[in-house]
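Everything on this sheet refers to the single structure shown next.
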Amino acid sequence: MGRYIVRRLLWMVLTMFVVSAITFTLMHSVPGGPFDKEKALPPEIIAILDKRYHLNDPLIVQYFDYLSNVIVPKLSSVPPNTSLLDDAIVNIKVGDKQWIKWMNFGPSFTSRSRTVNDIFRQQFPISAQLGLMALIVAVIIGMPLGILAALKQNSFFDYLGMGVAIFGVSVPVIVMGPILVWIFGVTLKWLPPTGWGAQPPFVLGFLPSNPGPEFFRYAAMPCIALGLGSSAIIARLTRASLLQVVREDYIRTARAKGLTERTVVTRHALKNSLIPVVTILGPMFAGLVTGTFVTETIFGIPGMGKYFITSITNRDYPVIMGTILLYAILLVIANLVVDVLYGFLDPRIRYA
């Protein structure tokens, strides 16, 4: 298992290199530049800005300079958070006036007073909280519905569970969000219609520091709106997988031994039926974290979605590169965690 994880981590480095190269090439292939506005800047100003951010260098030089700033740790005498060109995610003090700095994603071309790391520190934890809680909502709703529908096949509970699943798949966030705001935020006034209940600083970089009742009041509607569609997918997959497992020979053998139905389902059937469900949880988490733009817009949540979309429109190269690399890392790590969980769910699965 250890060698397998090391190999996957090495493949992750190669994956990040390929993703960064493709992203860098595509974003520079789009006509225009980050300083092309509706009100055109004088050519002298654009030349100064291009020189400052090294945009007049050859593309291959720009690419490897970017990788060097992100990958290679550097020794600096500039204190953290005092320079837009020298800001790094990891800052380790060595000596009295020296710091080892690692992962500098560069300054934002649009938010002139902020770096990409500033955006990550302040906005990404909110998107991560929203995505993680939406995944929890999806699992809490989807798995019980799928299990109940499978155990009560062709009954009222089966039709009810699959009806909820079809509803969740059919109604997108852009429709569900305003409905929830209108009912619970405007008409009943039970929940705040917009905003988010957690602000920096965050515990471990992304967890809310004081998740009290007010935090969950703000999170309830956006998490339900975002997680309902995913819960439908989990419910349908759980039902199909469990129906297949309960017809296996070893399940009939367990029942013939006199085991109770609860023991047969929980100890034998359910564990093996979770493998397809776990398979989609990794990509689903990455998708929920990265796909929150519509949800954040509807509920006025200051997450990463808005910055990612506007960075593409404004050709803010550092934000585009940093965000895509961050999301790619999330996806690769989520898939690695899923693969490791396979071995715990099914002892027959072993990694060399």
Side-chain angles (χ1 to χ4, degrees), residues 12-13 16-17 19-21 23-24 27-28 33-35 37 41 44-128 198-209 302-304 306-308 310-312 314-330 333:
M12 184 178 72
V13 175
M16 293 300 102
F17 179 79
V19 169
S20 65
T23 304
F24 191 88
M27 74 180 185
H28 280 278
F35 306 116
K37 308 296 181 181
L41 295 173
E44 297 82 4
I45 300 298
I46 294 180
I48 293 173
L49 292 173
D50 287 344
K51 183 178 180 181
R52 179 188 179 190
Y53 296 112
H54 304 283
L55 296 178
N56 51 1
D57 293 341
L59 286 182
I60 190 68
V61 175
Q62 294 184 45
Y63 175 67
F64 282 104
D65 284 345
Y66 179 83
L67 287 186
S68 174
N69 289 330
V70 174
I71 298 175
V72 180
K74 293 179 173 60
L75 189 64
S76 174
S77 60
V78 180
N81 300 326
T82 59
S83 172
L84 295 180
L85 298 178
D86 202 27
D87 183 28
I89 291 181
V90 178
N91 296 275
I92 303 175
K93 190 173 183 180
V94 290
D96 294 334
K97 297 182 179 180
Q98 296 291 325
W99 283 266
I100 295 178
K101 297 192 173 187
W102 184 41
M103 300 182 69
N104 177 13
F105 286 96
S108 171
F109 294 159
T110 303
S111 303
R112 301 294 177 82
S113 61
R114 306 174 73 195
T115 65
V116 178
N117 290 338
D118 287 332
I119 297 175
F120 286 169
R121 294 186 191 102
Q122 298 174 18
Q123 268 66 50
F124 176 74
I126 296 177
S127 293
Q199 300 295 331
F202 299 106
V203 179
L204 299 178
F206 72 100
L207 296 176
S209 56
M304 274 294 300
K306 179 185 71 173
Y307 286 91
F308 184 42
T310 56
S311 68
I312 297 174
N314 297 327
R315 298 177 180 84
D316 196 343
Y317 298 151
V319 178
I320 296 174
M321 285 290 296
T323 306
I324 290 181
L325 287 178
L326 182 63
Y327 289 166
I329 291 173
L330 280 177
I333 293 178

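Model, not experiment: these values are computed from the prediction.
When all heavy atoms are compared, the tightest approach of Ile119 to Arg114 is CA-NH2, 3.7 Å. The two residues Ser20 and Leu325 make their nearest non-hydrogen contact at CB-CD2, 3.7 Å. A pairwise comparison of heavy atoms in Ala328 and Met16 identifies CB-CE, 3.5 Å as the closest pair. When every heavy atom of Ser311 is checked against every heavy atom of Val319, the shortest pair comes out as CB-CG1, 3.5 Å.
For the side chain to side chain contact (heavy atoms under 4.5 Å, CB included) test, residues two or more places apart in sequence or in another chain that qualify with Val78 are Ser76, Thr82, Ser83, Asp86, Lys101. Remark: Arg315 engages no residue in a side-chain hydrogen bond (donor to acceptor under 3.5 Å, both in side chains) (not counting sequence neighbours). For Thr23, the side-chain hydrogen bond (donor to acceptor under 3.5 Å, both in side chains) test picks out no residue, with sequence neighbours left out. Under the salt bridge (Lys or Arg N to Asp or Glu O under 4.0 Å) criterion, Asp87 pairs with Arg121, sequence neighbours left out. Judged as a side chain to side chain contact (heavy atoms under 4.5 Å, CB included), and not counting sequence neighbours, the contacts of Ala198 are Gln129, Trp196, Phe202, Pro208, Phe215. Contacts of Asp316 classified as side-chain hydrogen bond (donor to acceptor under 3.5 Å, both in side chains), with partners at least two apart in sequence or in another chain: Ser108, Thr110. Residues satisfying the side-chain hydrogen bond (donor to acceptor under 3.5 Å, both in side chains) test with Ser127, not counting sequence neighbours, are Glu296. A search for ring pair (Phe, Tyr, Trp, His ring centres under 6.0 Å) contacts involving Phe120 returns Phe105, not counting sequence neighbours.
Taking 4.5 Å as the limit, every side-chain heavy atom of Met103 sits out of range of all side-chain heavy atoms of Asn117. Residues Phe124 and Tyr327 meet the side-chain proximity criterion, which asks for heavy atoms closer than 4.5 Å.
Between Phe109 and Tyr317, the ring planes lie perpendicular to each other; the angle is over 60°, past the 30° to 60° tilted range.
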Mind listing the side-chain donor-acceptor pairs of residues 49-56 below 3.5 Å, one per line with the distance, residues two or more places apart or on another chain?
none

Anything under 3.5 Å between a donor and an acceptor, one on a side chain of residues 67-75, the other on a protein residue two or more places apart or in another chain? List them.
{"residue": "Ser68", "atom": "OG", "partner": "Lys74", "partner atom": "NZ", "Å": "3.3"}
{"residue": "Asn69", "atom": "ND2", "partner": "Asp65", "partner atom": "O", "Å": "3.3"}
{"residue": "Lys74", "atom": "NZ", "partner": "Ser68", "partner atom": "O", "Å": "2.9"}

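With rounding to the nearest 0.5 angstrom, the CD atom of Gln199 is 5.5 Å from the CD1 atom of Ile126.
Counting only residues at least two apart or in different chains, ring-ring contact (aromatic ring centres under 6.0 Å, His included) contacts with residues 63-84 comprise Phe24-Tyr63.
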